[in-house]
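Start at 1 and go down the list; that is how both ligands and their atoms are numbered. Basis for what follows: all heavy atoms, side chains included, without hydrogens, waters or symmetry-related copies.
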Amino acid sequence: MSNPVEQKIIALREQIKQHNKNYYTYDKPVITDSEYDRLLGQLKQLENDYPQFLTTDSPSQKVGGTVLDKFIKVQHEVPMLSLDNVFNSEDLADFVERVNKRLSLTTELTFCAEPKLDGLAISLLYQKGYLIRAATRGDGNIGEDVTNNVKTIQNIPHILTGKNIPDVIEIRGEVVMPMDAFKQYNLIAAKNGDKCFVNPRNAAAGSLRQLDSKITANRPLAFYSYGIGLIKNADLPNSHYQRLLQLKQWGLPVTNEIKIKTGLQGCLDYYQFLLAARDTLPYEIDGIVYKVDDISLQQQLGFISRAPRWAIAHKFPAQEEQTRLLDVEFQVGRTGAITPVAILEPVFVGGVNISRASLHNNDEIQRLGIKIGDTVVVRRAADVIPQISGSLSEHSPSAKPIIFPTHCPVCHSEIERIEGEAVARCSGGLYCAAQRKEAIQYFASRKAMNIDGLGEKVVDLLVDENLINTPADLFLLKAEQLIGLDRMGPKKAENIINAINKSKKTSFAKFLLALGIREVGEATARNLAEHFLTLDALKKANIDDLQEVDDVGEIVAKHVQYFFRQAHNLEVIDALLEAGVQWPILQAKQQHTLPLANKTYVLTGTLSKMKRSEAKASLQALGAKVSGSVSSKTDTVVAGEAAGSKLIKAQDLKINIINEDELIALLELYSK
Ligand code: IVH
């Protein structure tokens, strides 16, 4: 065996056989479908050019994979075949011409055009209308018995209904995981830290080929019929299309998109129609199947090796390709959100070259389980941003983990990640170059420092011209620096400088709001100002102190603390004060007219009759402080179900303890 072509053919066959096994037998493909199609196309081309090397055991002559031992084997009386593919209209034209010639037709052929569903083929055997067996395709002759699993699929009838039901009928079709269900499944899996499916096809195959039917039952699968296998004692129409409609009458699901089309042009029109509708369909499709509609013509045409002569699959451009993950960059958005971005070896997917793809956040990286150097699957549905949908094969030994930074790549402030929130953010809001424009615009806005004339456009201009880097720089600007900027005359420049100077006299609340601390809106800024009275007191506050403020929960408290922990933010604040920003000194509010004034409460354990936030708000409305921790300053601890360490501490300190009912009684007493 010295011929290099033969060697190449043998190598390709080995490769394809291994990929068949990975895909069909183990539901674990290690290459994308388009890569597989390329390999198979290469093999077929070589076998076509060098027919002396064609053998019957070539994967080009065979269907699918082998069956798994864990399932009972089923012999298909009528083999379950595959389809030949075309990828462009020329090859489709060749197919139509071939069929016409073979049938010596002078009129145009009628085709039944159908979506090519991307799932897995199964066969359902009905006897006297009862579903008695369901099997996977397997190698086309022997499949796997998956009856119990199939019976859990909602839209498969266990009993056929209607008239003229055949004694025996085998329905062929595709099991899919509908798009919505697939997305939902992955969302929940990601939340629970479970493994996600790379694509709906894999999801369907993985879900159906389970030994435990309970697992299949929990997976949202659906079935659509596209043909008939074995049939006994039946009187069926001579049109494939009409037969599918008959199946529908018996209660079997058939897709809504099947259509009758005439000639090549009819097929091409349908292709355009379905390609445009692709992303709106409830299921994923990877092309069209055109079938000669006339059953007697189908019989005349017959089969070659693994596929019928009367049908062809016209594949859509791939939405998935594989490539290498070269690196991950971390971008900082205008609001400080940190987004990991995959840097990819350029790859052509869905009609465009892709070299970068968003990885969204750290959860997504964990979910995908990818490392730098891995081969990843890039998916790009039409008009949708490219995504990495998974990785193929194992990590190579040189693969490097993706490390999420702890500090902002732009300004080196701490990256803040609040538990339960997917997005991580830079906490150097006042200083970070990436957030500059947003921060200064917000600072100048009406509800904050209210600097007239300093709108979005002017701020952009000032930053782009390097005249300001932080809000504090605004107060150092001179009118001369502004004159000459785009559409900026002396009068306008003067007005802006005056407005900046005027804004120096503000209130503590507005100043706090202007800092742009995450989750601190007008009401919270006011509450913080009234509670702490001075900036120094606020800066020193710990999480518990912060939570004593009305409407401030743990998350807001953390944001505030993070913000004031960044040296750069403090520098900008000092510069603002230095520049003359000031506000009237606040006096503590007299609260002792309220019944619980000067009393400190701590809520602990689970409350069953009201939310903790409601209890907190009600107590605060009566003048009480509500603290997060028990100390000698605590007056009363409200202990709900399963209260723990705080209750113990309260008992140690001999603090007054009440339960939920007593709290309700207290609140009722004072609300009268
Ligand atoms: S007809 C003898 N129709 O595509 C005819 N197949 O690549 C065989 N498929 O094994 C199949 N949608 O799993 C047919 N409307 C459709 C289809 C379809 C999806 C799958 C099926 C088949 C594979 C061949």
Side-chain angles (χ1 to χ4, degrees), residues 16 20 23-24 27 29 33-34 36-37 40-41 44 59-60 62-65 76-87 95 111-124 134-141 143-144 146 170-178 199-202 204-205 208-209 221-231 240-241 243-245 247-248 252-261 267 270-271 274 278 281-293 295 297-299 301-316:
I16 292 170
N20 276 346
Y23 184 96
Y24 292 111
D27 297 322
D33 290 357
S34 51
Y36 177 85
D37 286 342
L40 191 63
K44 282 186 174 173
S60 66
K62 288 207 152 120
V63 171
H76 299 300
E77 281 189 51
V78 178
M80 288 183 80
L81 296 179
S82 183
L83 290 167
D84 275 338
N85 292 328
V86 292
F87 294 90
F95 163 78
F111 292 99
C112 177
E114 305 172 12
K116 185 171 190 304
L117 301 168
D118 206 4
L120 90 159
I122 59 158
S123 132
L124 307 175
T136 65
R137 183 173 68 164
D139 67 2
N141 292 312
E144 298 151 325
V146 285
E170 196 188 355
I171 309 298
R172 301 264 165 98
E174 199 87 345
V175 170
V176 297
M177 188 178 280
N199 54 39
R201 191 259 156 209
N202 232 268
L208 190 66
R209 298 174 75 215
L221 300 176
F223 170 80
Y224 296 95
S225 328
Y226 55 61
I228 296 169
L230 184 68
I231 182 144
H240 173 77
Y241 179 78
R243 286 185 175 194
L244 291 184
L245 294 188
L247 299 189
K248 219 173 173 174
L252 286 155
V254 177
T255 62
N256 286 329
E257 288 79 25
I258 55 163
K259 290 248 157 66
I260 282 290
K261 289 284 156 190
C267 291
Y270 183 81
Y271 179 88
L274 212 59
R278 184 183 195 178
L281 298 178
Y283 24 68
E284 175 139 289
I285 66 174
D286 59 348
I288 315 281
V289 185
Y290 308 111
K291 299 173 182 170
V292 170
D293 189 58
I295 303 286
L297 293 183
Q298 282 188 4
Q299 280 158 357
L301 287 161
F303 302 85
I304 22 160
S305 61
R306 62 180 220 156
R309 283 205 193 85
W310 44 264
I312 195 92
H314 190 179
K315 298 284 278 272
F316 285 151

Could you list the atoms of ligand 1 found under 4.0 angstrom from a heavy atom of [X]?
X: Glu114; value: 3 (N), 15 (N), 16 (C)
X: Val289; value: 3 (N), 15 (N), 16 (C), 17 (C)
X: Arg137; value: 10 (O)

- Message: Taking the basic N atoms (NZ, or NE/NH1/NH2) and the acidic carboxylate oxygens, is any pair closer than 4.0 Å for Asp84 and Lys44?
- Response: yes
- Message: Could you check whether Arg172 pairs with Glu170 (Lys NZ or Arg NE/NH1/NH2 to Asp/Glu carboxylate O, under 4.0 Å)?
- Response: yes
Which residue and heavy atom of the protein sit nearest [atom], plus the separation:
atom: atom 24 (C) of ligand 1; answer: Leu83 N, 3.7 Å
atom: atom 13 (O) of ligand 1; answer: Glu174 OE1, 2.5 Å
atom: atom 8 (C) of ligand 1; answer: Leu81 O, 3.7 Å
atom: atom 12 (N) of ligand 1; answer: Leu117 N, 3.0 Å
atom: atom 2 (C) of ligand 1; answer: Pro308 CG, 3.6 Å
atom: atom 4 (O) of ligand 1; answer: Lys116 NZ, 3.1 Å

- Message: Tyr36 vs Asn20, test: side-chain hydrogen bond (donor to acceptor under 3.5 Å, both in side chains). Steps then yes/no.
- Response: CA-CA 9 Å; Tyr36 177 85; Asn20 276 346; 2.5 Å; yes
- Note on the structure: Heavy-atom proximity to atom 16 (C) of ligand 1, picking from Tyr283, Tyr226, Trp310, points to Tyr226
Looking at ligand 1, is there an atom of it that comes within less than 4.0 Å of some heavy atom belonging to [X]?
X: Lys291; value: yes
X: Pro115; value: yes
X: Gly227; value: no

- Message: Does Tyr283 form a side-chain hydrogen bond (donor to acceptor under 3.5 Å, both in side chains) with Glu257? I'd like the steps, not just the answer.
- Response: CA-CA 11 Å; Tyr283 24 68; Glu257 288 79 25; 2.4 Å; yes
- Look at the side chain of Thr136 and the backbone N and O of Glu144, then say whether any donor-acceptor pair between them is shorter than 3.5 Å. yes
- Message: side-chain hydrogen bond (donor to acceptor under 3.5 Å, both in side chains), that's the test. Do Arg201 and Tyr23 meet it? Break it down for me.
- Response: CA-CA 10 Å; Arg201 191 259 156 209; Tyr23 184 96; 3.0 Å; yes
- Taking every heavy atom of Ala121 against every heavy atom of Met80, the minimum-distance pair comes out as CB-CE, 4.0 Å
- Task: Determine whether Tyr226 and Lys291 make a side-chain contact, defined as any pair of heavy atoms from C-beta on separated by less than 4.5 Å.
- Result: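 A side-chain contact exists here, since the closest heavy-atom pair is under 4.5 Å.
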- Query: Phe316 and Tyr271: aromatic ring centres closer than 6.0 Å?
  - Reply: yes
